[in-house]
Amino acid sequence: MSLLLMVLLYVTECVFTLPAPSRVFMESVDMRHVLKWRPLQAACSTAVQYSVQFQGEFELSVLNGSWVDAPECQLTSDPRCDLTFDLGSDSNYSLRVRACCGAATSAWTELGLPFNRRDTVLTAPEMSVTAVGDSLEVSFRKLPLNAAVQVTVWRRDHEAVVHWMPAEQRLLSVSGLQEALYCVRAQTVLQDQLRSDSTDKHCVSITGPDAPWRKPTAVSLSVVFTAGFLLAVFWCVAHCRPDRCKTFFRKEPLPHTLRPDWVIQIPMSPEEEELCERIQVCANPKTCPPEDLRP
Ligand SMILES: *[C@@H]1O[C@H](CO)[C@@H](O)[C@H](O)[C@H]1NC(C)=O
Ligand SMILES: *[C@@H]1O[C@H](CO)[C@@H](O)[C@H](O)[C@H]1NC(C)=O
């Protein structure tokens with residue numbers, strides 16, 4: 001009887017000398033589950049330490065309601081515990097934490113409602129979109145474990161196409177696109193039930209396929225044009241007299257209003273007129289009149 005009294009006294013003393021942690025809550029974002037509580041303001045010669053335990057449906061029904069120590073959160077001084085890798089199934093988990101100061105321990109404080117990782121809050125993924133040739137490359141930073149990403153791609157006046165990508169993949173490549181402005185939106189989806197918000201739309205211009213023949217063709221075309229131009233210049237230098245070159249390069253007829261001035265200012269000598277005529281008439285040698293018939 002006295003022994004029982006002593007035990008009771010010891011238990012109550014323990015509970016009252018060290019208050020149990022309060023405000024225990026679960027912060028679960030993007031499948032990262034962190035249990036938090038208010039740090040203890042107790043008079044303790046050393047730092048207050050905390051220990052966390054969990055109990056899933058397996059421990060509850062098969063292991064006679066036993067509790068499991070969260071391995072990373074035994075006698076830690078942080079008022080938080082990352083349970084991401086401990087809560088490994090979609091069952092309900094009860095969670096509890098207690099404080100320790102030297103030999104004294106507090107009572108356990110249990111999380112108000114069991115936690116289920118299906119209650120995690122999904123945030124819109126961080127996405128970047130780049131155009132590579134005729135492809136779109138959509139990449140993501142930090143996706144939740146076991147999630148999938150739904151990527152919607154569309155261009156104006158065309159139906160949107162939905163692509164699915166497992167989170168581990170991180171990078172989605174959509175190829176064979178036309179030259180146009182494409183827009184992309186993405187959303188994280190967990191087990192077909194839980195959806196994050198959608199990202200803002202990101203739009204990029206596809207500039208067309210980086211076909212292997214394109215560059216060589218452009219290069220050879222410019223070589224041909226340059227060679228042709230140079231050939232024409234050399235031909236002109238070799239065959240033209242300076243005064244005839246002038247007649248070649250005089251392309252545009254002058255505006256009507258200026259014509260009388262032109263005629264007045266530059267009267268042509270008969271010889272020059274003759275030369276000009278010969279060039280025009282003999283463009284095609286077959287149609288040329290015989291030499292002696294020329295004026
Ligand atoms: C659970 O309790 C029963 C009896 O109450 C016992 O037979 C069994 O071994 C216990 N199981 C475990 C895992 O402790
Ligand atoms: C899990 O918890 C939710 C609410 O917290 C409850 O509705 C549900 O029935 C529980 N599931 C099991 C298998 O106990």
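Computed from a predicted model, the values in this text were never measured in an experiment. Read the numbers this way: they start at 1 and go in the same order the structure lists the ligands and their atoms. Hydrogens, waters and symmetry mates are skipped; everything else that's a heavy atom, side chains included, is used.
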Tell me, yes or no, whether the heavy-atom count around Phe25 atom CZ, taken from other residues, nucleotides or ligands under 6.0 Å, exceeds 12.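 Yes, because the 6.0 Å sphere around CZ of Phe25 holds more than 12 heavy atoms from other groups.
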
Pairs involving residues 108-141, ordered by first then second residue, that meet ring-ring contact (aromatic ring centres under 6.0 Å, His included) (sequence neighbours left out):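 Every ring-ring contact (aromatic ring centres under 6.0 Å, His included) pair that includes a residue of residues 108-141, provided the two are not neighbours, is His33-Phe115.
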
Check: every ligand 2 N/O to protein N/O pair under 3.5 Å:
residue	atom	partner	partner atom	Å
ligand 2	2 (O)	Asn92	OD1	3.4
ligand 2	2 (O)	Asn92	ND2	2.4
ligand 2	11 (N)	Asn92	ND2	2.9
ligand 2	14 (O)	Asn92	ND2	3.3

Identify whether Val153 and Val204 are in the same connected component of the hydrophobic contact network (ILVMFWY, side-chain heavy atoms under 4.5 Å).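 Yes: a chain of side-chain contacts under 4.5 Å links Val153 to Val204.
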
Residue pair [X] / [Y], side-chain donor-acceptor N/O under 3.5 Å:
| X | Y | answer |
| --- | --- | --- |
| Thr84 | Asp82 | yes |
| Gln178 | Arg155 | no |
| Ser135 | Ser175 | no |

